[in-house]
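This report refers to the structure that appears directly beneath it.
All ligand and atom numbering here is 1-based and tracks the order in the structure.
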Amino acid sequence: MTSSTKPQSNLNKFEKFKAEKDGLAVKDELKHFAEIGWEAVDKTDLEQRLKWLGVFYRPVTPGKFMLRLRVPNGILTAAQMQTLAEIVQRYGDDGSADITTRQNIQLRGIRLEDVPDIFAQLKAVGLTSMQSGMDNVRNITGSPVAGINGDELIDTRQLVKDVQDMITNSGEGNREFTNLPRKFNIAIEGGRDNAVHAEINDIALVPAYKDEKLGFNVLVGGFFSAKRCESAIPLDAWVEPQSEDVVGLCRAILEVYRDRGLRANRQKSRLMWLIEEWGVETFRSEVEKVYGKPLATAAPEDEINWDKRDHIGVHQQVQPGYNYVGLHVPVGRFMADTMFELARLAEVYGSGEIRVTVEQNAIIPGIADDKLEAFLSEPLLEQFSIDPSSLTRSLVSCTGSRYCNFALIETKQQGFKMAQDLDAELDLPERVRIHWTGCPNSCGQPQVADIGLMGTKARKDGKTVEAVDLYMGGKVGKDAQLGDRVRKGIPCDELPGVLKDILMEEFGAQPKA
Ligand code: SRM
Ligand code: SF4
């Protein structure tokens, strides 16, 4: 059953507009929109359906749209990065790009009338933005060092791409999966350090040996929302690491979610709510029916048994004589010039590839030993350091109020400044991962951080001020676990002092000599 034929009752407004016209339908209207101008576009098409194409109207910057791409497994070619740089460049100071917490890229400053051209440019280099927003499957994440990491168990690159191609009809758009009850996240991890935060995805495949054979254990139902956050739970299933099985299983889970997922209340529509309503055994057997063959039971344990790495700095690849170098991109933000430069460096020194991470940083792989020294003296590395100071190194931030109308606070700029200031004051014995998120939607994943900061408002001296709720105790890598809110409503101007105390009391920070 496709989404459009699903019988609906008690439809909420999102279900109604999806039933009236599929989000993907606006793809054929882009030229018309370009002619009439964004102000004349139907409100639902403008503010909602365009997101099916990755085109986001930004109420904070009307007329300057955000374009969310898909970057499967976080891997881009230099030519793709160059194209993205060219797109952003035409918008001058309005043009920029962000690496997202899903190992993806978003472009800013985009004019709606340019979108048809931009889509042609993207297609020419094999990129797509289809189905990257609203009730669709988001960018599919994988280890950013897939295929180059000596300790890898499964190279996920092709698998991630195959799953994306199935969902998006190779980037052209696929109406089979454009009317899910809600957004949906998939991660496929092939390494031991859980680079993808498997536990916070609706489907996560994690490496596991079953009867000495390597494959994936399957976790389901992880999600964050303003109402509730949950870690994924075991489906008690194991799949072989072949495209047919991995794609088939993802398809089966998506079909069950699409056709049977809860749609009445958007606050209770993510996959976990369905799993809970049915019980995981029933969910598993419904998936198995659609999968069309018996699902193997899970391996007793998975192979996620390392601490999480951040990939910054120089690392030897599995290919002898080659290195990958992780560059710290402060709060994930690029301008056209830095994107051109990254593309150039990847071509001149590396294998012509750039990878991005869920920590919003970049990796250039394939740098031969004899080119390393010259690479490390390139001016871009002064901006995108391979040895950043402690707190800035592990800083992650969502978009915040600069561009996001849900935001209750500004995030990237003040987060970066606070990290820099505290780095200047304190010596830290180990990494402390601080994540900022501008509102309870949790795009900046404060629950996975050592210190998570979630935007809110507080009253101070009779005024409403920007503030944060404080989360602590998030663990990543092996034994990943979500942090909890431990304090509410800390005004942002008091935050540097609060963070300093926490860093000294709980993370062994010492004032610099
Ligand atoms: Fe998110 C909505 C940005 C990762 C949970 N998210 C939004 C919107 C689209 C809201 C809007 O229309 O303004 C934000 C766009 C702002 C902008 O202009 O950039 C937005 N989310 C982001 C990004 C860009 C944050 C970042 O700076 O990296 C991330 C883009 C990922 C991507 O490439 O697709 C991003 N969002 C996440 C994550 C993290 C993750 O996936 O690991 C989450 C929590 C995990 C999850 O979804 O389970 C997340 N975003 C949300 C939610 C709450 C979902 C829910 O079930 O309630 C919303 C609001 C919604 O969907 O109703 C939301
Ligand atoms: Fe916007 Fe809130 Fe997501 Fe930040 S967490 S990008 S403020 S929706």
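- For the pair Asp135 and Lys183, the salt-bridge criterion is not met [side-chain N within less than 4.0 Å of a carboxylate O].
- Ring geometry for His435 versus His197: interplanar angle over 60°, hence perpendicular rather than tilted (30 to 60°).
- With respect to the salt-bridge test (charged N to carboxylate O, under 4.0 angstrom), the residues Arg270 and Glu230 do not qualify.
- Within ligand 1, the atoms closer than 4.0 Å to a non-hydrogen atom of Asn405 are 13 (O), numbered from 1 in the order shown.
- At a threshold of 4.0 Å, the pair Glu359-Arg393 does not count as salt-bridged, since none of the basic side-chain nitrogens sits closer than that to a carboxylate oxygen.
- Here Cys404 has side-chain heavy atoms under 4.0 Å from ligand 2, and that is the only part of it that gets that close.
- Of all the listed residues (Phe406, Phe224, Phe14), Phe224 holds the heavy atom that lies closest to atom 54 (C) of ligand 1.
- The distance from the CD atom of Gln445 to the CE atom of Met454 is 11.5 Å, given to the nearest 0.5 Å.
- Taking each of Ser269, Ala407, Cys443 in turn, the one with a heavy atom nearest to atom 25 (C) of ligand 1 proves to be Cys443.
- Comparing Glu47, Lys183, Arg402 by heavy-atom distance to atom 5 (C) of ligand 1, the nearest is Lys183.
- The backbone N or O of Ser129 sits less than 3.5 Å from a side-chain atom of Ser132, completing a donor-acceptor pair.
- Within the 4.5 Å cutoff, the side chain of Lys478 has no heavy atoms near those of the Asn194 side chain.
- Every heavy atom of Asp98 sits 4.0 Å or more from the atoms of ligand 1.
- With hydrogens left out, the protein atom closest to atom 4 (C) of ligand 1 is Thr101 OG1, 3.3 Å, a heavy atom.
- Atom 9 (C) of ligand 1 has Phe56 CE2, 3.5 Å as its closest protein atom, hydrogens excluded (heavy atom only).
- Between Thr399 and ligand 1, at least one pair of N/O atoms sits closer than 3.5 Å.
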Salt bridge (charged side-chain N to carboxylate O under 4.0 Å, His left out) for Glu286 and Arg260? Distances and angles first, verdict last. CA-CA 10 Å; Glu286 291 299 319; Arg260 314 280 294 280; 3.1 Å; yes
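- Under a 4.0 Å criterion applied to the non-hydrogen atoms of Phe223, ligand 1 contributes the atoms 48 (O).
- Glu20 has no carboxylate O lying under 4.0 Å from a charged side-chain N of Lys16, or vice versa, which leaves the two without a salt bridge.
- Among all protein heavy atoms, the one lying closest to atom 4 (Fe) of ligand 2 is Cys398 SG, 2.3 Å.
- For ligand 1, the atoms sitting less than 4.0 Å from at least one non-hydrogen atom of Ser225 are 55 (C), 56 (O), 57 (O), numbered in the order shown with element in parentheses.
- Heavy atoms of other residues, nucleotides or ligands lying less than 6.0 angstrom from NZ of Lys417 number 12 at most.
- Regarding atom 58 (C) of ligand 1, its nearest protein heavy-atom neighbour is Asn441 CG, 3.6 Å.
- Exactly one of Asp98, Asp94, Asp93 qualifies for a salt bridge (charged side-chain N to carboxylate O under 4.0 Å, His left out) with Arg108. That residue is Asp98.
- One option in Lys412, Met66, Arg58, Lys268 has a heavy atom closer to atom 16 (C) of ligand 1 than any other, and that option is Arg58.
- Considering each of Arg68, Gln103, His197, the one bringing a non-hydrogen atom nearest atom 3 (C) of ligand 1 is Arg68.
- Using a cut-off of 2.8 Å, one finds that Cys443 contributes no N/O/S atom close to atom 4 (Fe) of ligand 2.
- In terms of protein heavy-atom proximity, atom 33 (O) of ligand 1 is closest to Thr100 OG1, 2.7 Å.
- Of the protein's non-hydrogen atoms, Arg182 NH1, 3.0 Å is the one closest to atom 61 (O) of ligand 1.
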